[in-house]
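Heads up: the structure comes next, in structure tokens.
None of these values were measured; they are calculated from a predicted model. Order of listing sets the numbers, starting from 1, for every ligand and every atom in it.
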Amino acid sequence: MNFLSLISLSVSCKGNQKDLKDTKISKNNIVTIEKSIYGTTAKGEKVESYLLKNQKGMEVSIITYGGIITSLKVPNKKGISEEVVLGFSTLEQYMEPHPYFGALIGRYGNRIANAKFSLDGKTYTLAANNGNNSLHGGPEGFHRVIWAVEEVKEGEAASLKLKYLSKDGEEGFPGNLTVYVTYSLTQENTLDVLYEATTDQKTIVNLTQHTYFNLSGDFSKTVLDHEIVIDADQIVPVDDTLIPTGKFESVANTPFDFRKSKAIGKEINEANEQLKRGLGYDHCWVLNHQEKGFRFAASAYEPISGRLMEVRTTEPGIQLYTGNFLDGTLPTRNGNTYAQRTGFCLETQHYPDSPNQKDFPTTVLKPGEKYQSQTSFAFSIK
Ligand code: GLA
């Protein structure tokens, strides 16, 4: 029996196979996967949770609803593993409107102006769910669908391969889009996310992950003391509805310069038109070294816990969103609420509104092509 079948056996026969699984796996020092029931949607669909755990103190929980990361624990400098992502404790809370906590985002992450775009002379109209604009794939985007799951073992890492078929016309987008998102946890405390998609008609794709991090492990604290690096000389400036103006702007001598490590809070309240429009940072940076493919894009460091997170990606852009719209109404897991700026997102992606911006890298996917995008979140202590 190989490890793949050993693991699926231990998962499907939880309980009596548990000892077998634990001894075999720890002896070989690999990442484990444990499946459990998470809940049932209003439509009666079963939702499962998968816990991926390594032997270095890192674990991540992912549910089949929205491909949501509901929990991610990593060690601090004392070796204590703590929760570092914002989240809820029940499926019902994830089914209520919320700002995409932990979710997979698609078919188009970020905004599309006036909820319209054209392909080959035909105009497609999407739902306007953010003023006049479309945001994050629409009201019933990938963050609210049930994903099929396959468990995959490769070397020491363990992966969950999520699959979803987004039908032609769903949320207004053309073409049947088959999407795979593979979450892998390694023994090196890295969570890797691989996005793949194919279509049977010309369409647009821009997939991302919307986890909110607070590396302090203390959700009563803001993230303003987190020190950020973003390897980008320019940003994509936006108008007052957060749609790109079409030009890029240098970060030099602005609060957007994170080329050298800087606390999120250092300049967030400066008088700056872009900061005013975003209520803080809610912008896409034009990443450097795009020709290199998969490369360092950004990092976040929380000095008290010592936790460092490094983000690598194949994408041209990264949206830093500093939880500006969190307003103390959403519940934490332990009875408090998430106040403004208690989490930040680093969403790797193509630039917002690319389908309507002829000078931005294309987000069009044609039949016969394969969309592929990779991002990793590597955790360590500094
Ligand atoms: C993205 C957007 C923000 C906001 C959040 C969720 O980061 O750019 O403006 O919508 O998602 O609230």
Side-chain angles (χ1 to χ4, degrees), residues 66-69 85-88 93-94 96-115 126-144 171 206-214 222-223 226 228 230 232 235-245 256 264 268 273-286 297-298 300 311 313 315-331 337-357 360 363 375 377:
I68 294 172
I69 294 176
V85 301
L86 277 61
F88 302 124
Q93 291 170 312
Y94 283 108
E96 294 286 316
H98 67 89
Y100 311 94
F101 277 5
L104 288 180
I105 304 294
R107 195 178 288 203
Y108 196 94
N110 218 316
R111 292 174 177 76
I112 295 180
N114 300 310
L126 312 169
N129 60 341
N130 189 251
N132 291 332
N133 305 322
S134 159
L135 177 65
H136 293 335
E140 299 299 320
F142 293 179
H143 60 292
R144 287 181 60 84
E171 296 295 274
N206 191 25
L207 307 179
T208 192
Q209 224 296 331
H210 209 296
T211 287
Y212 290 67
F213 298 93
N214 184 326
T222 70
V223 292
H226 284 55
I228 301 283
I230 303 178
I235 60 159
V236 181
V238 289
D239 67 15
D240 52 15
T241 72
L242 303 187
I243 292 293
T245 58
F256 291 84
I264 292 179
I268 199 170
E273 190 53 32
Q274 286 298 319
L275 284 175
K276 208 164 105 195
R277 291 180 181 168
L279 287 181
Y281 297 107
D282 191 356
H283 294 78
C284 192
W285 271 252
V286 177
V311 183
T313 191
E315 286 298 306
I318 197 164
Q319 182 97 0
L320 169 64
Y321 170 58
T322 47
N324 312 315
F325 298 126
L326 297 175
D327 60 1
T329 52
L330 293 170
T337 56
Y338 292 113
Q340 195 190 32
R341 299 188 179 144
T342 48
F344 69 91
C345 304
L346 281 168
E347 308 157 45
T348 55
Q349 57 190 247
H350 272 55
Y351 311 140
D353 199 33
S354 296
N356 295 310
Q357 298 278 354
F360 288 5
T363 49
T375 294
F377 302 91

(message) Do L330 and F101 make a side-chain contact, defined as non-hydrogen atoms from C-beta onward lying under 4.5 Å apart?
(response) yes
(request) Give the residue and atom name of whichever protein heavy atom lies nearest to atom 7 (O) of ligand 1, and the separation in Å to one decimal. (result) E347 OE2, 2.9 Å
(request) Check each heavy atom of N130 against ligand 1 and say whether those closer than 4.0 Å belong to the side chain, the backbone, both or neither. (result) neither
(message) Is there a polar contact, in the sense of an N or O pair closer than 3.5 Å, between N110 and ligand 1?
(response) no
(request) For ligand 1, note which part of Y212 has a heavy atom under 4.0 Å away: side chain, backbone, both or neither. (result) side chain
(message) With heavy-atom distances below 4.5 Å as the criterion, would you say the side chains of Y281 and I228 are in contact?
(response) no
(message) For ligand 1, which is the ligand I care about here, please tell me if H136 has any N or O atom under 3.5 Å from one of the ligand's N or O atoms.
(response) yes
(request) Among all protein heavy atoms, pick the one closest to atom 10 (O) of ligand 1 and tell me residue, atom and distance. (result) L135 CD2, 3.4 Å
(request) Check whether any side-chain N or O of E347 sits under 3.5 Å from a backbone N or O of L320 as a donor-acceptor pair, and report yes or no. (result) no
(request) Check whether any side-chain heavy atom of Q340 lies under 4.5 Å from a side-chain heavy atom of N324, and answer yes or no. (result) yes
(request) Among all protein heavy atoms, pick the one closest to atom 12 (O) of ligand 1 and tell me residue, atom and distance. (result) P99 CB, 3.4 Å
(request) Below 4.0 angstrom from a heavy atom of Q319, which ligand 1 atoms are there? Numbered from 1 as shown, please. (result) 8 (O)
(message) Is it the case that the ring center of H210 lies less than 6.0 angstrom away from the ring center of H136?
(response) yes
(message) Just to confirm my output: which protein heavy-atom neighbour is closest to atom 9 (O) of ligand 1, and how far is it?
(response) D282 OD2, 2.4 Å
(message) Quick test: of every protein heavy atom, which one is nearest to atom 11 (O) of ligand 1, and how far off is it to 0.1 Å?
(response) H210 NE2, 2.8 Å
(message) Please check: side-chain N/O of Q349 versus main-chain N/O of G317, any donor-acceptor pairing under 3.5 Å?
(response) no
(request) For the pair N214 (side chain) and T342 (backbone), establish whether a donor and an acceptor sit closer than 3.5 Å, ignoring hydrogens and angles. (result) yes
